[in-house]
There are 2 protein chains.
Amino acid sequence: MEVGSSGWFRELSTPSNNSETVDKQSHLPAYAQLAQILRRAISRGSYPSGSRLPAEAALARQYGVSAMTARQAVGVIAEEGLVRRVQGSGTFVQKLTVTASSFDLGALRRVLADQENLKVRILRSSVERAAGITCQALGVAPYSPLIYVERLLLHREKPFTLQVGYARFEPESPVVEMMLDTTVLTGLFVEGGPSGFKKGKLRLLPTSFSERDAQLLGDTPGGYAFRLEHIFYDTGDKPAAYGWLLVSPENMPLTGRVGVWEE
Amino acid sequence: MEVGSSGWFRELSTPSNNSETVDKQSHLPAYAQLAQILRRAISRGSYPSGSRLPAEAALARQYGVSAMTARQAVGVIAEEGLVRRVQGSGTFVQKLTVTASSFDLGALRRVLADQENLKVRILRSSVERAAGITCQALGVAPYSPLIYVERLLLHREKPFTLQVGYARFEPESPVVEMMLDTTVLTGLFVEGGPSGFKKGKLRLLPTSFSERDAQLLGDTPGGYAFRLEHIFYDTGDKPAAYGWLLVSPENMPLTGRVGVWEE
DNA sequence: AAGTGGTCTAGACCACCTA
DNA sequence: AGGTGGTCTAGACCACTTT
């Protein structure tokens with residue numbers, strides 16, 4: 001607030017601790033170094049939340065990098081949710097906001113990518129009639145024939161997840177073969193596997209294991225679990241497959257971080 | 001596969017449909033236009049999954065933009081998980097991979113940001129002794145005093161979420177006041193509110209409503225719910241508050257998208 | 001009018017991968 | 001060795017916000 005007008009000494013024009021500089025010989029890119037400098041400055045309180053960061057041009061001048069490089073640095077911490085850019089106004093330090101966070105499926109990917117230790121066991125496969133939710137999800141009339149498949153995925157001989165899926169029964173469609181192919185499930189999750197779908201929607205829901213689920217997965221009946229619903233669309237944008245994955249929170253931890261994490 | 005070597009006509013040097021161009025008069029930025037062009041090309045199958053996109057320099061030449069602009073366009077669809085950059089090798093079209101997706105807390109934010117229609121009711125607040133999980137989460141010795149607060153959040157007069165939290169009992173700490181302040185909870189989630197924390201960890205778990213929870217939230221006992229656990233750290237990087245939020249999947253839908261969504 | 005972020009250019013050099 | 005993505009520069013103009 002009160003700018004040092006009464007001081008015995010002159011404030012430096014740059015009040016922030018300027019001991020940190022960008023080392024252009026370092027192998028760490030300049031923008032990453034500057035981003036780290038800004039993170040530390042925010043963490044230290046040099047830029048309290050709500051305050052405005054120096055303009056990108058000023059940062060560029062101050063740290064001896066080009067405007068684009070400074071911009072990239074600010075972009076990094078903006079993506080982290082630490083600051084927020086407002087066009088025409090400035091870049092402002094954000095308060096810690098939980099909603100800036102998101103959860104990713106990294107743990108799931110890591111397991112499914114470990115193909116050598118993965119086994120798929122088909123528990124059931126049959127033709128069923130569409131009804132209720134499956135009609136809706138796949139956009140077919142009631143009593144339309146649907147392929148039904150139920151699979152158990154084992155990782156290192158331990159049950160990992162139960163997958164249930166329906167697909168439109170169209171013999172000419174490659175989806176049917178794919179559904180029956182034991183690799184299709186992993187193909188949807190592991191980069192490099194087969195797919196054939198164009199896009200998909202996902203929904204995460206809380207649920208619990210039925211007695212049968214628990215037995216199959218070696219978990220306790222009534223134990224809480226995630227249900228990851230998925231609808232996949234073929235190249236014609238028609239829903240082609242609907243299903244879900246049942247997995248315990250231990251096998252698929254969903255965690256996130258917010259605020260200033262320096263390491 | 002079979003490249004037209006036997007054709008009556010010469011293939012254009014650029015096999016892709018070149019009718020789409022970047023319109024520099026448009027208000028849509030050139031990089032966004034190019035990103036959309038690439039999305040459509042991938043969707044159409046011009047670049048099948050696994051194939052390599054033209055080099056950024058080639059795209060720049062082809063569409064009459066600078067290399068940096070082409071790079072930014074590729075960056076956009078790379079962030080969407082549609083393609084993957086490999087340094088020194090090229091940019092490759094990804095197969096649809098579910099794990100590229102992430103879930104965000106947008107719905108939660110939207111409600112908590114709607115301050116006018118939000119009410120907070122404190123159900124309980126007391127001093128309790130640390131034990132078990134609370135010791136671990138807050139890093140204090142057993143029997144240390146902890147502030148305990150339980151709040152009900154109502155949105156448009158309807159119960160929305162139940163929040164339970166513990167904080168280290170340190171009278172000199174501002175956390176205690178904050179815990180008892182009815183605005184603190186929303187402050188953690190809504191940008192612009194009060195906070196005072198530096199960083200936080202989040203964990204999402206499946207659970208169900210107890211009879212009491214269900215009654216308070218107007219839901220059915222045994223109904224499945226999300227439990228969003230949070231630990232917040234003060235400016236000294238010490239855990240200062242631990243708690244969780246109980247919310248039904250209807251009130252906090254967690255959805256994601258993968259693959260090529262053009263709209 | 002001045003300042004800010006957002007976009008864009010036309011170059012440059014580097015690290016990395018593939019041949 | 002040549003091609004690719006990754007970084008960087010020193011400018012430029014624009015759209016937007018604030019004064």
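All figures in this text were calculated on a predicted structure; none of them were measured in a lab. Reminder, nothing fancy here: chain letters follow the sequence lines and each chain counts from 1.
For the pair B:R61 CZ and D:dG3 C1', the computed distance is 11 Å after rounding to whole Å. We find that CZ of A:R85 is positioned 19 Å from P of D:dA15, with the value rounded to whole Å. Taking atom CG on A:L59 and atom C1' on D:dA10, their separation rounds to 17 Å, with Å as the unit. Summarising the geometry, the separation between CD on A:E56 and C1' on C:dT7 is reported as 12 Å, rounded to the nearest angstrom. One interatomic measurement links the two molecules: OH of B:Y63 to P of C:dT7, which rounds to 20 Å at whole-angstrom precision. Protein atom CD of A:Q72 is 16 Å distant from nucleotide atom P of D:dA10, rounded to whole Å. Note: CZ (A:R84) to P (D:dT17) measures 12 Å, nearest angstrom. Taking atom CD of residue A:Q87 and atom C1' of nucleotide C:dT4, one finds them 8 Å apart after rounding to whole Å.
For D:dT9, one of the phosphate oxygens OP1 or OP2 lies less than 4.0 angstrom from a side-chain nitrogen or oxygen of A:K24. In this model, the phosphate group of C:dG6 is approached by a side-chain N or O of A:R71 to a distance below 4.0 Å at OP1 or OP2. A sub-4.0 Å separation between OP1 or OP2 of D:dT7 and a side-chain N or O of A:Y31 is present. For C:dA10, neither phosphate oxygen OP1 nor OP2 lies less than 4.0 angstrom from any side-chain nitrogen or oxygen of B:S66. Within the structure, every side-chain polar atom (N or O) of A:T69 is placed at least 4.0 Å from both OP1 and OP2 of D:dT7.
If A:G64 and B:A55 are placed on DNA chain D by their nearest nucleotide, the residue sitting closer to the 5' end is B:A55. Between A:V86 and A:M68, the residue whose closest nucleotide on DNA chain C is further toward the 5' end is A:V86. Two residues, B:H27 and A:A70, neighbour DNA chain D, and the one matched to the more 5' nucleotide by heavy-atom proximity is A:A70.
For B:S89, counting side-chain heavy atoms from C-beta on, the closest listed nucleotide (D:dT7, C:dC17, C:dC8) is C:dC17. Checked against C:dT9, D:dC8, C:dT7, the side chain of B:V65 finds its nearest nucleotide in C:dT9. With distances taken from any side-chain atom of A:R52 to the nucleotides C:dT7, C:dT4, D:dT9, the minimum falls on C:dT4.
Residue B:A30 is in sugar-phosphate contact alone, with no base atom involved, counting any heavy-atom pair closer than 4.0 Å across all strands shown. B:V74 comes within 4.0 angstrom of no nucleic acid atom, judged by non-hydrogen atoms across all strands.
Contact check for B:T255 versus A:K201: no side-chain heavy atoms found under the 4.5 Å cut-off. Counting only heavy atoms from C-beta outward, the side chains of B:K158 and B:L154 never approach each other to under 4.5 Å. Using a 4.5 Å cut-off on side-chain heavy atoms (C-beta onward), A:L205 and A:E229 make contact.
Ion pair A:R44/A:E20 flagged as a salt bridge, since at least one NZ, NE, NH1 or NH2 atom sits closer than 4.0 Å to an Asp/Glu carboxylate oxygen.
When each of B:L254, B:L108, B:N251 is checked for a side-chain contact (heavy atoms from CB on, under 4.5 Å) with B:F226, only B:L254 meets the rule.
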